[in-house]
Amino acid sequence: MTALRELAEASRELGALHGRRQKIERIAALLRACSDAEAATVARWMTGEPAQARLGVGPAQVHTACTTQPASSPRLTVDDVAAWFQEIGAIKGGGSKAARADRLARLFAAATEQEQQFLAHLLLGELRQGALLGLVIEAIASAFVLPLGSIQRAHMLTGEVGEVAAVARTQGRAGVDALELRLFHPVQPMLAQPAEDLGAAIATLGEPLLEYKLDGARVQVHKQETEVRVFSRQGNEVTEAVPDIVEPVRRLPVSDLVLDGEALAFGDDGTPRPFQTSMRRFGRRSDDAALRAQLPLQSFYFDCLRLNGETLIDADTLSRQAALRDVVPASLRMPSLRTTSASEAKAFLEQALAAGHEGLMAKAPQAPYAAGGRGSHWLKIKQVQTLDLVVLAAEWGSGRRQGWLSNLHLGARSNGGFVMLGKTFKGLTHQLLTWQTEQLLAREIARDGIIVQVRPELVVEIAFNELQRSRQYPAGLALRFARVRRYRDDKPAAEADDIETVSALFARQVAYRDVLSDHR
DNA sequence: GTCCCTAATGGGC
DNA sequence: GTCAGACTCATTCGG
DNA sequence: CCGAATGAGTCTGACGCCCATTAGGGAC
């Protein structure tokens, strides 16, 4: 039986340790020391995931729970806490909020102060120990003296660290190597890195496979005979809500299939709906026939991970592409092109953008499917726009941003004043953080919690991908994926971009995709 | 009990 | 999702 | 030939936008 105290201590030590190697060994020691039954739980928690499903307990409840009087001596075990989590997660319906708060308070009352801290961080997904999934995988290999490749492969195929840790511990190499891709258990989707631009992507990859990049939701679809299930990027099953994704795959004449693709809604004119509109369908739990008729989802598959009993994860991009072409008709496939010609590639990108899509993906032709990895084998090319906006306020940072004014409130000029369009904390170096903290404090006019209001004088160039409709912001518009490019010390606030400019940009976006008609 | 509004939570990008 | 920083590992450079 | 510098690859943790769901609370 592993004491919760040991995990809490380990987590705290991990935060203090420098160096990957050391952290891996610390986690490995934990995995070696725990019981067979606990290995899965310990491994999962160390990755920062408290449970398979969420518990219905967020920051607000955790903070109140933290105010309960801690126990003076440790007595909780890992199994105890796992049981509490399970119980709390299962509470539903009327009075459930109070019931969850009550159970949570009782759990926290049984924990020492240090254990409370650990539980709180675990529940909030903020372990801040400088070690998550990547190191846990290595720790499993190290703890049970197994080849790292075996563990990585097992995790890739099953997507479940807990299970891999448990099998590694109890069955060793033979058990781990026997783990296979299983139908109706989602594989970790392969991820992509941003590329500078199309030219850079081609230079990196040689003769890449180019594909449209559509702004929808990632889907992984599993089929066995007539049964079809759909999984989201995080591996959540969403089958119920999306019969329009299920049906076309059900009709494919193959017994056994796993596809990777993107799903989104299109307007009557054939242009893609904005992401936020597609999410009205994809974001829901159950099917709504009326909404489905109004916003049917179309899916476009770009990869095939398993076909008729054969797992294709290790096959190269082009072989998987060939398998995909064999079984999926063009109407369900992501438009793609393989070319060495820079001008053809450019034309393909422009074609994608003109159709209202996000951009292109460029894929290394010979790479295997690196599940869960964000290697350089897949690159994404997206459009970037910029605006010169004014800093209206800033928020004190937390964690590694402590002591810096970090998150900026951004506004455009409007009628002699400013309207806020969003916030960002991205793109800032330590040097810039230091500089902006100083500059902003010198312009402080008021404080409200962690927010410092400043005189609207500093102009900052903001890069972003898209403007979207907003209910939250006064202009009715917000920036998507805003990040700082640089401060414009050459520009006074009076020369920052105004809301008319922003609206015009939005109008140009809408010329491709008519948002106005489908917005309530 | 029903209707409407709000805050918290989870999840997509 | 985007980004900077920290760390690792392998390769290249300079004396 | 060896240690230092450099670069590529990974991982982590700062937090952004939106949407749907769920439960609570007040008015009636």
Side-chain angles (χ1 to χ4, degrees), chain A residues 15 18-24 47-48 53-62 91-101 124-138 191-194 204 214-219 232-236 238 241 262-264 274-286 288 291 358 370 373-377 380 382 384 395 397-402 404 406-410 421-433 462-473 477-485 520:
Chain A
H18 292 289
R20 215 181 126 81
R21 256 5 282 179
Q22 286 183 298
K23 292 187 193 228
I24 289 167
T47 69
R54 296 268 128 196
L55 306 184
V57 163
Q61 290 218 46
V62 169
I91 304 173
K92 296 259 154 56
S96 64
K97 203 174 164 187
R100 277 196 300 270
L124 295 177
E126 296 173 354
L127 243 29
R128 290 175 179 163
Q129 57 189 18
L132 293 171
L133 181 60
L135 300 207
V136 173
I137 298 280
E138 290 203 41
L191 305 174
Q193 276 184 346
T204 311
L214 310 195
D215 195 8
R218 187 83 175 261
V219 285
S232 71
R233 174 172 159 167
Q234 302 294 329
N236 297 310
V238 296
E262 191 86 2
L264 67 161
F275 177 73
Q276 61 197 126
T277 304
S278 290
M279 285 310 290
R280 285 173 49 199
R281 275 297 316 283
F282 195 79
R284 65 202 312 124
R285 192 152 297 182
S286 55
D288 174 332
L291 194 62
E358 253 191 327
R374 195 182 284 276
S376 49
H377 295 306
K380 48 181 151 187
K382 295 165 84 168
V384 179
E395 296 172 13
S398 65
R400 63 181 177 201
R401 288 280 178 100
Q402 195 119 45
W404 274 314
S406 172
N407 202 359
L408 304 174
H409 294 199
L410 306 166
L421 287 172
K423 305 185 207 176
T424 188
F425 58 91
K426 296 171 189 151
L428 298 163
T429 60
H430 285 172
Q431 197 185 1
L432 209 46
L433 281 165
I462 297 295
F464 63 100
N465 287 62
E466 193 180 39
L467 288 160
Q468 57 193 337
R469 286 239 169 233
S470 171
R471 287 176 163 71
Q472 186 187 347
Y473 286 105
L477 291 176
L479 305 171
R480 185 140 87 120
F481 309 139
R483 59 267 194 191
V484 171
R485 267 282 169 77
R520 291 176 295 192

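Just so it is clear: chains get the letters A, B, ... in the order the sequence lines come, proteins before strands, and each one is counted from 1.
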| field | Residue-phosphate contact under 4.0 Å: Asn407(A) side-chain N/O, dA14(D) OP1/OP2 | value | no
| remark: Leu135(A) CG to dT8(C) P, in whole Å, measures 10 Å
| query | At under 4.0 Å, does any side-chain N or O of Lys426(A) touch on OP1 or OP2 of dG16(D)? | reply | no
| task | Report, as a single string ordered 5' to 3', how protein heavy atoms within less than 4.0 Å touch nucleotides 6-13 of chain B: B base, S sugar-phosphate only, - not at all. | result | --SSSSBB
Close N or O pairs between protein and nucleotides 4-9 of chain D (under 3.5 Å):
none

| said: From CG of Leu191(A) over to P of dC11(D), roughly how many Å is that when rounded to an integer? | reply: 11 Å
| Val219(A)/Phe282(A) under side-chain contact (heavy atoms from CB on, under 4.5 Å): CA gap, chis, key distance, verdict | CA-CA 10 Å; Val219(A) 285; Phe282(A) 195 79; 3.6 Å; yes
| query | Has Arg284(A) got a side-chain N or O lying under 4.0 Å from the OP1 or OP2 atom of dC19(D)? | reply | no
| Could you state the CD1-P distance from Ile462(A) to dC17(D), rounded to the nearest angstrom? | 12 Å
| message | With a 4.0 Å limit, can you tell me whether Ser398(A) has a side-chain N or O closer than that to the phosphate oxygens OP1/OP2 of dC15(D)? | response | yes
| said: Working note: Arg280(A) + Leu291(A), criterion side-chain contact (heavy atoms from CB on, under 4.5 Å); need CA distance, chi angles, decisive distance, verdict. | reply: CA-CA 9 Å; Arg280(A) 285 173 49 199; Leu291(A) 194 62; 3.8 Å; yes
| request: May I ask you to decide whether Asp215(A) forms a salt bridge with Arg480(A), counting only side-chain N to carboxylate O separations under 4.0 Å? | output: yes
| Distance-only, no hydrogens or angles: does the Arg281(A) side chain make a donor-acceptor pair with backbone N or O of Ala241(A) under 3.5 Å? | yes
| query | In terms of the nearest nucleotide of DNA chain D, which residue is placed more toward the 5' end: Leu477(A) or Phe425(A)? | reply | Phe425(A)
| said: Which is more 5' along DNA chain D, the nucleotide nearest Glu395(A) or the one nearest Arg400(A)? Just name the residue. | reply: Arg400(A)
| message | Rounded to whole Å, how long is the line connecting atom NZ of Lys23(A) with atom C1' of dG13(D)? | response | 11 Å
| request: With heavy atoms under 4.0 Å as the rule, sort Thr424(A) into base, sugar-phosphate or nothing. | output: nothing
| message | Just to be sure I understand the rule, does Ser278(A) reach a base, reach only the sugar-phosphate, or reach nothing, if contact means heavy atoms closer than 4.0 Å? | response | nothing
| Phosphate OP1/OP2 of dC7(C) contacted by His18(A) side-chain N/O (<4.0 Å) | yes
| Rounded to the Å, how far apart are Leu432(A) CG and dG5(C) P? | 10 Å
| field | Lys423(A) NZ to dC17(D) C1', straight-line distance once rounded to whole Å | value | 11 Å
| remark: Atom CZ of Arg21(A) and atom C1' of dA6(C) are separated, to the nearest Å, by 16 Å
| field | Spacing of Leu433(A) atom CG relative to dC15(D) atom C1', expressed in whole Å | value | 12 Å
| query | Counting distance only, does the side-chain N/O of Arg284(A) pair as donor-acceptor with the main-chain N or O of Met279(A) below 3.5 Å? | reply | no
| said: Students often get this wrong, so: under 4.0 angstrom with heavy atoms, is Ala131(A) touching a base, only sugar-phosphate, or nothing? | reply: sugar-phosphate
| request: Run the salt-bridge test on Glu395(A) and Lys423(A) with the 4.0 Å N-O cut-off and return the result as yes or no. | output: yes
| query | Using a cut-off of less than 4.0 Å, is there contact between a side-chain N or O of Gln468(A) and OP1 or OP2 of dC18(D)? | reply | no
| Pair Asn236(A)-Arg285(A), side chain to side chain donor-acceptor pair (under 3.5 Å): steps then yes or no | CA-CA 11 Å; Asn236(A) 297 310; Arg285(A) 192 152 297 182; over 6 Å; no
| query | Say you pick atom C1' in dC15(D) and the same atom in dC13(B); how far apart are they, in whole Å? | reply | 14 Å
| query | Below 4.5 Å, heavy atoms only, C-beta onward: do Arg483(A) and Leu428(A) meet side chain to side chain? | reply | no
| task | Could you grab the distance from atom CG of Asn465(A) to atom CD of Glu358(A), nearest 0.5 Å is fine? | result | 7.0 Å
| message | Does atom CZ (Arg128(A)) have a neighbourhood of more than 12 heavy atoms from anything else shown, all under 6.0 Å? | response | yes
